[in-house]
Protein chains: 4
Amino acid sequence: MRKQNVPASVKDERLIELRRNQMIKGAVSLFKEKGFHRTTTREIAKASGFSIGTLYEYIRKKEDVLYLVCDRIYDQVRDRLKKDIGTKCGNTESLKYAISSYFKVMDEMQDEVLVMYQEAKSLSKEDLPYVLKKELEMVEMFEEILTSCVENGELSVGLKERKLIAHNIFVQGQMWGFRRWALQRLYTLEEYTDLQIQNVLEGLSKNPQNLKEGNE
Amino acid sequence: MRKQNVPASVKDERLIELRRNQMIKGAVSLFKEKGFHRTTTREIAKASGFSIGTLYEYIRKKEDVLYLVCDRIYDQVRDRLKKDIGTKCGNTESLKYAISSYFKVMDEMQDEVLVMYQEAKSLSKEDLPYVLKKELEMVEMFEEILTSCVENGELSVGLKERKLIAHNIFVQGQMWGFRRWALQRLYTLEEYTDLQIQNVLEGLSKNPQNLKEGNE
Amino acid sequence: MRKQNVPASVKDERLIELRRNQMIKGAVSLFKEKGFHRTTTREIAKASGFSIGTLYEYIRKKEDVLYLVCDRIYDQVRDRLKKDIGTKCGNTESLKYAISSYFKVMDEMQDEVLVMYQEAKSLSKEDLPYVLKKELEMVEMFEEILTSCVENGELSVGLKERKLIAHNIFVQGQMWGFRRWALQRLYTLEEYTDLQIQNVLEGLSKNPQNLKEGNE
Amino acid sequence: MRKQNVPASVKDERLIELRRNQMIKGAVSLFKEKGFHRTTTREIAKASGFSIGTLYEYIRKKEDVLYLVCDRIYDQVRDRLKKDIGTKCGNTESLKYAISSYFKVMDEMQDEVLVMYQEAKSLSKEDLPYVLKKELEMVEMFEEILTSCVENGELSVGLKERKLIAHNIFVQGQMWGFRRWALQRLYTLEEYTDLQIQNVLEGLSKNPQNLKEGNE
DNA sequence: CATGAATGAGCCTTCATTCAT
DNA sequence: CATGAATGAAGGCTCATTCAT
């Protein structure tokens with residue numbers, strides 16, 4: 001599953017894991033506070049609990065830290081999501097549950113997500129696609145649930161629309177974080193969740209015409 | 001209503017306008033390419049067609065360029081929008097037209113919008129609210145149309161939901177740009193527009209229950 | 001008497017005089033506040049009441065302003081001194097008067113004098129000697145009074161010592177200004193003057209041995 | 001008693017001492033030649049024998065170099081003085097010795113002292129008082145010797161006059177350096193020393209009236 | 001493996017000076 | 001004569017990265 005690794009000078013895999021955990025933890029809180037560009041490698045090293053020399057034993061370039069951070073955040077979101085909705089079968093009830101669970105994760109990790117959205121563009125041309133792929137995987141989780149709902153007859157939505165709705169759901173989760181300045185003064189998380197679920201489901205439940213553009 | 005910030009050393013207002021136009025144009029294309037932080041002031045000056053010394057006759061700090069750019073982008077989007085949908089009365093037809101017009105603007109200005117979304121966080125604590133206010137104004141344009149539709153009986157949506165839908169529309173416009181890597185390989189702009197309009201309207205047209213949580 | 005002039009582009013001598021007066025006045029207050037190096041030519045122009053372009057019609061380089069300022073300060077001190085003690089004949093009474101008058105001038109112009117002492121080193125290699133010559137002229141005024149006192153028998157001091165005492169008096173006048181942080185919290189100007197006069201005169205009045213090293 | 005200011009990024013105290021010594025040595029010779037403002041940080045680094053980056057590992061701002069230089073010069077002068085006259089008991093003989101020793105130091109360090117007098121004003125508002133305090137300490141060394149002479153009956157001078165004479169002595173030492181253009185072409189150091197000692201002592205040795213304004 | 005001193009390219013910004021109007 | 005916009009060399013300072021210990 002690992003695509004592009006960040007090579008380390010150190011060989012001890014256990015140590016690599018340990019140090020990188022420290023590193024990511026320190027870096028996230030710094031990036032949250034001042035962004036990737038305004039954070040220095042020395043600060044990262046200090047926040048990680050080791051020296052600048054040691055930092056460079058586990059990465060090659062500052063950008064590697066960003067990659068590691070993004071990677072970690074995605075994994076965390078995905079793991080949380082998988083754990084919460086993984087085994088559910090695909091009906092509208094489980095869709096509602098998935099959305100609400102996803103929104104909850106996004107609420108808890110809004111700082112991290114914000115960081116990622118603002119700094120992802122600083123990833124190298126090689127790393128970006130890998131990160132985007134992870135994002136797509138998550139969108140596909142929603143798409144799959146929607147497909148199940150179609151298959152079991154609860155909904156009738158074409159493939160293209162399903163894909164779009166999955167994206168919408170995904171973005172609406174992020175919105176809660178990156179538009180917090182507007183949304184979180186208007187709604188509680190519960191209100192927001194209910195309203196968005198309503199928006200998503202209302203149009204889908206009974207409209208057979210949606211199928212007519214379903215196409216592969 | 002006009003730029004409350006960014007004083008210039010030069011007195012001639014006409015010149016300021018001219019030079020800042022050059023500056024914004026040059027800066028946007030650079031920010032697009034490499035982001036605000038990776039762009040140097042000298043590059044901005046060169047891309048603007050004048051010397052670094054001259055650049056600093058029209059701004060005080062590098063950050064001012066970013067503010068000017070954001071300010072300009074918002075004004076352009078808003079002006080385009082006002083021109084397109086300004087006089088329309090508020091019915092669902094005009095809502096569709098507004099959305100489709102807005103998406104079109106976002107499509108044309110996707111580079112600029114992308115820049116703004118990735119770099120806005122680099123604005124100073126003082127400038128950010130001013131920029132966010134401009135964004136809210138645009139969201140409110142959609143909210144007003146929705147309200148008109150409610151008033152003329154075409155739709156029945158509560159205030160809170162109306163606000164949320166306005167945000168959704170707004171973000172869906174941006175999505176087209178900042179998720180282009182996923183969306184633009186799945187849909188044409190027209191498809192995307194139609195599907196999103198459908199999503200927005202389907203749930204609203206006939207469902208009187210929406211009103212029950214309408215509250216002021 | 002004019003040694004090295006600062007050339008101006010402007011021909012009208014009356015105008016040159018006027019503009020340079022404005023300039024010196026503005027510059028002195030700026031130099032007082034922030035020193036020569038930290039003062040910009042634009043600031044000088046503004047404080048002088050005209051534009052930066054006009055400033056450069058009356059000087060060639062920023063340094064010229066410093067020269068003009070130093071020149072002016074010396075002239076003022078010397079004129080004041082000449083006026084006060086010029087016609088007095090040379091006895092110890094007139095020496096006391098001269099010292100006390102000189103100290104009074106230095107008290108009134110302490111800011112200006114401070115400026116000169118701190119910034120004179122920034123004068124060009126060509127201008128400095130000219131300024132130092134002016135200083136020597138003033139030292140010589142004290143020397144001459146001392147010589148008169150010797151000639152009329154009131155004092156008996158050799159030439160070399162007379163020269164040194166003249167320097168001492170001169171420096172003691174400056175001290176009052178540039179060591180104000182220490183002296184002016186210990187003495188009033190009158191106390192300071194009386195004590196220093198006492199110091200100077202006591203050793204001189206009755207000690208014939210001083211003459212033995214008097215030599216021409 | 002030691003440097004309360006100027007933090008370094010480097011931890012090794014021995015290294016700090018070493019590097020700062022290099023730095024001060026290089027900086028003094030540059031300041032001598034062209035003054036603080038005309039000396040660039042890069043020049044200081046080069047004259048110190050290391051890179052600009054390393055320079056900034058040991059200071060925070062250019063101004064810190066000036067502070068370090070002033071601090072060092074004072075310490076050197078004071079240490080020399082303490083070593084030379086430290087144990088002497090306070091009689092007129094030891095006063096003569098102290099003056100002559102002090103003048104000798106000032107002769108040897110005239111470049112450094114000149115630098116300090118011309119550049120001290122560029123010190124920050126916080127550093128200046130600290131430097132002035134050091135100067136006062138040295139003045140007080142002379143004052144103490146004078147007081148001893150009064151106490152053992154050799155001299156009769158009031159407190160206020162003692163303080164002034166101490167200042168006079170101190171300034172006369174500096175004069176030798178900063179008025180070298182005039183004095184050193186008139187006198188040898190020995191002549192200058194003898195004449196000034198004579199000036200100082202003559203008025204003091206036998207004049208009981210001085211005491212009448214002795215006051216605490 | 002860990003450390004942290006050293007490096008220097010490169011950034012933002014200032015400001016003396018010029019010159020067309 | 002007066003103006004002030006334009007210029008660009010130069011300065012202070014930062015920080016990612018390396019490497020000897």
Side-chain angles (χ1 to χ4, degrees), chain A residues 8-12 15-16 19 37-46 49-65, chain B residues 8-12 15-16 18-19 37-46 49-63 65, chain C residues 8-12 15-16 19 37-46 50-65, chain D residues 8-12 15-16 18-19 37-46 49-65:
Chain A
S9 306
V10 171
K11 298 298 163 198
D12 185 336
L15 208 46
I16 294 180
R19 293 280 181 258
H37 280 105
R38 296 200 208 277
T39 301
T40 68
T41 51
R42 273 165 168 72
E43 287 171 323
I44 295 171
K46 185 175 217 179
F50 40 70
S51 72
I52 180 69
T54 300
L55 180 69
Y56 274 87
E57 293 286 321
Y58 296 92
I59 58 164
R60 287 161 315 168
K61 310 173 10 281
K62 187 188 175 191
E63 204 178 67
D64 287 343
V65 180
Chain B
S9 305
V10 169
K11 305 285 173 183
D12 186 332
L15 212 44
I16 294 181
L18 171 65
R19 293 280 178 261
H37 281 105
R38 294 199 209 278
T39 301
T40 70
T41 51
R42 274 199 251 291
E43 288 171 326
I44 296 172
K46 181 176 240 178
F50 38 69
S51 71
I52 182 67
T54 299
L55 179 68
Y56 275 88
E57 292 282 315
Y58 296 91
I59 58 165
R60 289 159 315 168
K61 317 190 322 339
K62 187 190 176 190
E63 202 179 69
V65 180
Chain C
S9 307
V10 170
K11 298 299 161 197
D12 185 336
L15 208 45
I16 293 181
R19 292 282 180 256
H37 280 105
R38 296 200 208 278
T39 301
T40 69
T41 51
R42 272 164 168 72
E43 286 171 324
I44 296 172
K46 184 175 217 178
F50 40 69
S51 72
I52 181 67
T54 301
L55 180 69
Y56 274 86
E57 294 286 322
Y58 296 91
I59 57 165
R60 287 160 314 168
K61 311 173 8 285
K62 186 188 175 191
E63 204 178 66
D64 288 342
V65 181
Chain D
S9 305
V10 170
K11 305 285 173 179
D12 186 334
L15 211 45
I16 294 180
L18 172 66
R19 293 281 178 261
H37 279 105
R38 295 199 209 278
T39 301
T40 70
T41 52
R42 277 198 246 293
E43 286 171 326
I44 296 172
K46 182 177 239 178
F50 39 70
S51 71
I52 180 68
T54 299
L55 178 68
Y56 276 89
E57 291 283 314
Y58 296 91
I59 58 166
R60 290 159 313 168
K61 317 191 320 340
K62 185 188 176 191
E63 202 180 69
D64 287 343
V65 180

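Here is the naming used below: chain letters follow the sequence lines, and residue numbers restart at 1 for every chain. Owing to the predicted nature of the structure, the values given are computational and were not obtained by experimental measurement. Below, all heavy atoms of this structure are taken into account, side chains as well, without hydrogens, waters or symmetry copies.
A straight line from CG of A/D64 to C1' of F/dT17 spans 13 Å, rounded to a whole angstrom. The nearest whole Å value for the distance from the NZ atom in B/K11 to the C1' atom in F/dT3 is 12 Å. To the nearest angstrom, P of F/dT3 lies 16 Å from CD1 of C/I44. Computed from coordinates, the C/I16 CD1 to F/dC1 P distance equals 8 Å when rounded to whole Å. To the nearest angstrom, C1' of E/dT3 lies 15 Å from NZ of A/K46.
The shortest heavy-atom contact between B/H37 and B/K62 is O-NZ, 3.7 Å. The nearest pair of heavy atoms linking D/K11 to D/I16 is O-CD1, 4.3 Å.
The aromatic rings of C/Y58 and C/F50 sit tilted, their planes meeting at an angle between 30° and 60°.
Note that the CD1 atom of B/I59 and the CD atom of B/E57 stand 10.5 Å from one another [nearest 0.5 Å]. In this structure, C/L55 CG and C/I52 CD1 are separated by 5.0 Å, a value rounded to the nearest 0.5 Å.
The residue A/S9 sits apart from the nucleic acid: no heavy atom pair falls under 4.0 Å.
Qualifying salt bridge (charged side-chain N to carboxylate O under 4.0 Å, His left out) partners for D/E63, counting only residues two or more places apart in sequence or in other chains: D/K61.
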Q: For each nucleotide in nucleotides 6-12 of chain F, reading 5' to 3', give B when a protein heavy atom comes within less than 4.0 Å of its base, S when such contact involves only the sugar-phosphate, and - otherwise.
A: BBBBBSB

(Q) Wobble G-U and Watson-Crick pairs count when both distances are under 3.5 Å; given that, what is the 5' to 3' dot-bracket string of DNA chain F, with | for pairing to other strands? (A) .||||||||||||||||||||

